[in-house]
Amino acid sequence: MLQLEHIDKVFFKNTPDERWALRNLSCVVQPDEFVTIVGSNGAGKTTLLNIISGNHFPDRGRVIIEDHDVTSLPAFRRARFIGRVFQNTTQGTAASLTIEENFAIAYAKGRTRGLHLAISEHLRKIIREKLAEVGLGLENRLRDRVGLLSGGQRQALALLMATIGNPKILLLDEHTANLDPKTAEKIMNLTNLLIRDDHLTAFMITHDLGDALKYGTRTLLMDDGGIVLDISGEERKKMTINELLERFSERRHKKFANDRVLLSTETKEG
Amino acid sequence: MYDYFIFSVQEGLLYGILALGVYITFRCLDFPDLTVDGSFPLGAAVFASLVYRGFGPIESMIAAFIAGALAGLLTGVLHTFSKIPALLSGILTMTCLYSINLRIMGRPNMSLSENLGHRTVFTMLRDSFSGIPESYLRLFFLIGLIFLIKILLDLFLQTEIGLAIRATGDNETLVEAQGINPDRIKLVGISLSNALVAFSGAMFAQYQGFVDINMGIGMVVLGLASVIVGEVLLRGRIILVITLQVIIGAVVYRLATATALNYGYSIGFKPYDLKLFTGLLVIIILSFPVIKAKFRRVK
C-alpha cells in the first residue's frame, strides 16, 4: 500500500523561475491496484513518480509505503520496495553488460552485495525461464550485450528486472511510448501479466487516453500539480475518452491541452 | 636491438598494472581520475621509505597498495561527499600527494641499491633462481605477476560488487533503482584503481632502482593511452578479453615509445618529446571516430 500525504514539490524555490510541480497532493493506493495517470505536459506526472521513487524529495508532506515512512530515504534505500521502467529504453538496463549480468544486478536487489560471483548456474536457469515466458527469443542470448538488443527487447528486460526482486510498487513512466505499436502491445501484455501475478501496486503514466482506460483498475487525471479526476470501479468501466475529456473541461474550465494526447485520440477515432 | 625489445616489454607489463587501474576508473566508472599522477609515485615512495627502514619487499609492496587505496579513497570522498567535480577531486588529491610524497621520502629522490643492502622482489628472484639469465627471469616473473593480477581482477569484476562497479559508469540511474548506493560503489572502484596504480609504482621503483618525486608526471595519460590502444587492437566485449587488451595495449604503447626513442633521433626526436608523442597519440585515437563520421557525411 502507498500513501501520499499533502505533497508539495517546488522547483527553483524563491527564484523568478519558481515552479510548483505538485500542490498539496494526497492519494492512497491499495495493493493490487493498477493506476493509470494521464495529464497535460507539466501536470506533474513524472514528478509524482520521482517523489514515490525517491529521486525527488517533497518540500512538504509524507510518503508512506507499507507503513514505512520513506519520505527522506534516498532512491537506493527504498529500491527494494520499488521497481521502475522509463520511457527511454536505454535507462532501464546497462548496455555494456550482458543480459545475464543485468539480471544478476537486479536479482541481488534488497541484499547486501558481496564478493561472490554474481552469476551461478542456478540464476541462469531462473533467467532462462523468465525470458522464455516473454517469448522474444532472448532465452538463448544470455551472454549477449544488452546494447545489441532492440528497444522492445530492452524494455521487456527492464520490466523483468524491475519486478524480479519482488517489489511492492511498480512505476511505469510511458514505458511503451518509444516502441512501435505491435511491440508496445506485447510489452503492455507482459506488464499486465507481471502486475497481476506479483500482486503489485502499479502506476503507469501514459499519453494515450484509450490505454489509460483500457488498462488498470483506476485512472488519475492530473493538472497543474494536482489530481483533478480520480475514477475507478463501475464508473471507470463505462467511461469513454470523450466523457473523460468533457469531465476534465467541466472541472478545470479549460480544454485538455496536450498535443500528443489530442493527436493520439484523433488517430484512434479517425 | 633484442635487449631494448625485452626491456620495453618488461616496462610495458609494469605499466600494464597501472593501466588496469586506469581502466577501472575511466571505463567502468566513467570517472576521469587524475589522482594517478600522485598515487603512482606514492606507491614508489612508500615502498622505498619502508625498505630503507628495514622492511622486506613483500610487506612494503602491500603497504604501497594500501596507501594507493587511501589516496583513491580521498579523491572518492571529495567527489561523492563534498560533491567536487571528478577532475578537480583528482587534481586536489594529486596536489596534496606531491607534498605527502616528499614527506614520506624526506627528499626528492631515493635510490634502491643492493650496495646499501636494499632487497627488492627482483633481488629475491635472482637469489632463488640463480640458473636463469636475469632479464628472462624478470620477464617471466612480470608476465606471471600481471596475469595473476588480471585473473583476480576478472573474478572481482564478475562478483556482485564488481558488476555494480561496471554498471555505475554505464547507467547510474539503473544502479540506484536496483538498490545500490552509487557513491559507495565509486569509493570502492576509485580506491581499487589507485591501489593498483600505487602497486605499479612500487614495482617500477624496484625495477629501475630509484624513486623520483616527479616520476608520476603524465601517468594518467600513459594509462589512458594503454587502455585505448588496447581497445583499437582487440575490441573486446567480455571482461576476460578487455583486461587482456589493456595489458597488451600497455606493452604495445611502451614498445612504440621505446622505438620512437631509439630510432627517432634521425628525425630529431628527443627523450623530452615523449610526453608530446603520448599526448598526440591519445588525441589522434580519440578524435578518429569523429573525423571518420564527418568524412562519411561529406561523401
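A:Tyr107 OH to B:Glu160 CD: the interatomic distance, rounded to the nearest 0.5 Å, is 10.5 Å. In this structure, CZ in A:Arg113 is found 11.0 Å from CG in B:Asn181, a value given to the nearest 0.5 Å.
Among A:Asn55, A:Ile82, A:Thr93, the residue with the largest count of heavy-atom pairs under 4.5 Å with chain B is A:Thr93. By number of non-hydrogen pairs under 4.5 angstrom with chain B, the leading residue of A:Arg84, A:Glu101, A:Met161 is A:Glu101. With chain A as the partner, the residue from B:Leu157, B:Ile239, B:Asn171 showing the most heavy-atom pairs under 4.5 Å is B:Asn171. Chain A forms the most heavy-atom pairs under 4.5 Å with one residue out of B:Ile180, B:Thr173, B:Ile238, and that residue is B:Ile180. Contact tally against chain B (heavy-atom pairs below 4.5 Å) for A:Pro74, A:Ala162, A:Ala106, A:Ala75: the top residue is A:Ala106. Comparing A:Gly114, A:Ser96, A:Ala79 by heavy-atom pairs within less than 4.5 Å of chain B, the highest count is held by A:Gly114.
In A:Arg124, the CZ atom is crowded: over 12 heavy atoms of neighbouring residues, nucleotides or ligands sit closer than 6.0 Å. The 12-atom threshold is not exceeded at CZ of B:Phe288, counting heavy atoms of other residues, nucleotides or ligands nearer than 6.0 Å. Under a cut-off of 6.0 angstrom, the local environment of CZ in A:Arg80 is sparse, with at most 12 non-hydrogen atoms contributed by other residues, nucleotides or ligands. The neighbour count for B:Phe156 CZ, taken as heavy atoms of other residues, nucleotides or ligands under 6.0 Å away, is above 12.
When all heavy atoms of A:Ala95 and B:Asp170 are compared, the closest pair comes out as N-OD2, 3.2 Å. Of all non-hydrogen atoms in B:Gln178 and A:Lys109, the two that sit nearest each other are OE1-CD, 3.1 Å.
For A:Arg145, the part lying under 4.5 angstrom from a heavy atom of chain B is the side chain only. For A:Thr98, no part sits under 4.5 Å from any heavy atom of chain B, backbone or side chain. Only the side chain of A:Arg111 comes within less than 4.5 Å of a heavy atom in chain B; its backbone stays farther off. Of the atoms belonging to A:Phe86, it is side-chain heavy atoms, and not backbone ones, that fall under 4.5 Å from chain B. Both the backbone and the side chain of A:Leu115 come within less than 4.5 Å of a heavy atom in chain B.
Contact annotation: the side chain of A:Gln91 never approaches that of B:Leu174 to less than 4.5 Å [non-hydrogen atoms, C-beta and beyond]. Between B:Leu163 and A:Leu97 the shortest side-chain heavy-atom distance falls below 4.5 Å.
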